[in-house]
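Take a look at the structure set out below.
Chain letters run A, B, ... following the sequence lines, proteins first, then strands; residues in each count from 1.
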There are 2 protein chains.
Amino acid sequence: METLLSVIRQLQAISEPLENALRQTLRRHELPRRHWLLQPGQVSERIFFIEKGVARGYYLKEDREVTSWFMKESDFIISIVSFYSRQPAQEYIELLEDSVLWSITYDQLQRFYDAFPEFNKVGRLLTERYYLLSERRAQNLRMQSARERYTQLLADFPDSCRRLPLKYIASHLGLSPETVSRLRANIV
Amino acid sequence: METLLSVIRQLQAISEPLENALRQTLRRHELPRRHWLLQPGQVSERIFFIEKGVARGYYLKEDREVTSWFMKESDFIISIVSFYSRQPAQEYIELLEDSVLWSITYDQLQRFYDAFPEFNKVGRLLTERYYLLSERRAQNLRMQSARERYTQLLADFPDSCRRLPLKYIASHLGLSPETVSRLRANIV
DNA sequence: GTGAAAAATTGACAAATATCAAGTTCGGTT
DNA sequence: AACCGAACTTGATATTTGTCAATTTTTCAC
């Protein structure tokens with residue numbers, strides 16, 4: 001909880017009434033590895049904050065899993081499309097480790113936006129931040145070699161990258177598992 | 001102007017006062033090919049709507065141009081990072097054809113959000129839409145072969161793709177110009 | 001229009017990466 | 001602790017894509 005509040009405070013000062021409302025509304029989750037926060041067909045109801053753990057978003061393409069992103073401690077987890085559009089998701093969101101999360105529902109979030117106008121700034125800044133991350137991932141795919149992409153991911157996930165299953169890393173980097181294995185062997 | 005208003009109306013009904021305010025505020029631009037809407041170091045002041053024309057966003061990496069996106073008629077042009085963060089841009093935005101654009105400044109947009117609360121929905125939906133497009137581009141880079149990526153771009157730009165300079169297409173797809181030239185020759 | 005410069009094409013070859021197949025290691029369950 | 005299946009590694013080979021160079025085509029300024 002305190003971690004989440006401090007992340008929000010870095011974006012926008014939190015008034016006391018807002019802080020109280022947040023403390024009353026946020027729900028804490030302890031969930032095991034392999035738990036799905038979202039599966040295709042479900043409408044994403046909650047946005048999650050990761051206090052502890054790692055998650056990935058992925059979808060199936062021709063029977064293969066393709067990992068769109070990883071998120072780690074102090075990141076937010078959201079299916080942008082489903083959560084905002086209120087439509088059924090096409091993707092999976094899966095916990096890769098036993099995790100502690102905090103969440104708020106879509107309806108609760110809208111009420112926060114109405115009741116605490118300054119909170120809109122938080123929402124907008126976070127959307128922009130994740131939009132930027134998405135753009136950066138795309139640019140990396142465009143311009144960097146396999147080795148550079150792998151090194152970049154190591155930099156983004158210094159502690160947890162080694163724990164991420166290799167085949168998920170591979171599909172995220174747009175590479176075969178064999179190639180990632182060889183990169184890993186050459187870097188050590 | 002009417003094209004822009006109809007695009008907005010598809011997202012959210014426009015009240016008469018809002019429509020009047022938009023008509024008074026929006027500025028029309030007729031700009032030549034090769035005009036830069038934004039260059040590194042500048043803070044992006046305006047968001048543009050393309051009534052006629054095509055634009056691209058690109059940046060330099062080790063002396064090479066890398067095209068992040070193309071936008072065409074009925075799209076919006078914005079440097080997400082610079083416009084929202086009010087920080088100097090690192091990218092270029094360039095018109096690829098003689099164009100007709102409509103624009104509004106950052107400050108004007110904020111005043112619209114304040115004065116016409118329903119307009120926030122338009123802003124949020126557009127941000128989400130472009131976020132989605134960005135994600136889709138990234139996924140295409142991850143999962144599709146060179147040929148599939150090229151075919152996808154042809155589908156996204158059915159009329160204008162043939163007019164886009166090949167070397168820009170190549171850097172956007174993460175390919176060499178020679179490869180795109182060969183793909184083009186094989187598809188016809 | 002004409003010529004110079006830029007862009008696109010084509011071919012030959014090199015490098016990067018994928019695929020397939022065979023082992024090995026690892027993790028989780030009993 | 002031992003087993004089973006999944007995950008990972010490694011090697012051999014095939015395919016894709018990049019690089020370099022030469023040529024043709026297009027573009028644009030004069």
Nearest-Å distance for atom pair [atom1]/[atom2], residues [X] and [N]:
{"X": "B:Tyr150", "N": "D:dT17", "atom1": "OH", "atom2": "P", "answer": "15 Å"}
{"X": "B:Tyr168", "N": "C:dA8", "atom1": "OH", "atom2": "C1'", "answer": "13 Å"}
{"X": "B:Leu175", "N": "C:dT17", "atom1": "CG", "atom2": "P", "answer": "13 Å"}
{"X": "B:Arg163", "N": "C:dA7", "atom1": "CZ", "atom2": "P", "answer": "18 Å"}
{"X": "A:Arg184", "N": "D:dT10", "atom1": "CZ", "atom2": "P", "answer": "11 Å"}
{"X": "A:Leu173", "N": "C:dA18", "atom1": "CG", "atom2": "C1'", "answer": "15 Å"}
{"X": "B:Glu148", "N": "D:dT17", "atom1": "CD", "atom2": "P", "answer": "10 Å"}
{"X": "B:Arg147", "N": "C:dA18", "atom1": "CZ", "atom2": "P", "answer": "18 Å"}

[X] side chain, from C-beta outward: closest of [options]:
{"X": "A:Pro165", "options": "C:dT9, D:dC8, D:dT17", "value": "D:dC8"}
{"X": "A:Ala185", "options": "C:dT10, D:dT10, C:dT17", "value": "D:dT10"}
{"X": "B:Ser145", "options": "D:dT17, C:dT9, C:dT17", "value": "D:dT17"}

Between B:Arg34 and B:Ala146, just flag the one whose closest nucleotide in DNA chain D comes earlier from the 5' side. B:Ala146
Looking at C:dT19, does its base get a donor-acceptor pair with the side chain of A:Arg182 below 3.5 Å? yes
Looking at every strand, decide which applies to A:Arg33 at a 4.0 Å heavy-atom threshold: base, sugar-phosphate, or nothing. sugar-phosphate
Assess whether a salt bridge exists between A:Glu178 and A:Arg182, defined as any Lys/Arg side-chain N lying under 4.0 Å from an Asp/Glu carboxylate O. no
Are B:Arg86 and B:Glu45 ion-paired here, with the side-chain N under 4.0 Å from a carboxylate O? yes
A:Thr179 side-chain N/O to C:dA18 phosphate OP1/OP2 under 4.0 Å: yes
Cation-pi check for A:Tyr58 against A:Arg56: NZ or CZ below 6.0 Å from the six-membered ring centre and within 45 degrees of the axis, yes or no? yes
How are the rings of B:Tyr113 and B:Phe119 set relative to one another: parallel (under 30°), tilted (30 to 60°) or perpendicular (over 60°)? tilted
Let me know, please, whether B:Lys167 or B:Glu178 comes out on the 5' side of the other along DNA chain C by nearest nucleotide. B:Lys167
Go through the steps to decide whether B:Arg46 and B:Thr105 satisfy the test side-chain hydrogen bond (donor to acceptor under 3.5 Å, both in side chains), and finish with yes or no. CA-CA 4 Å; B:Arg46 291 181 172 272; B:Thr105 68; 5.7 Å; no
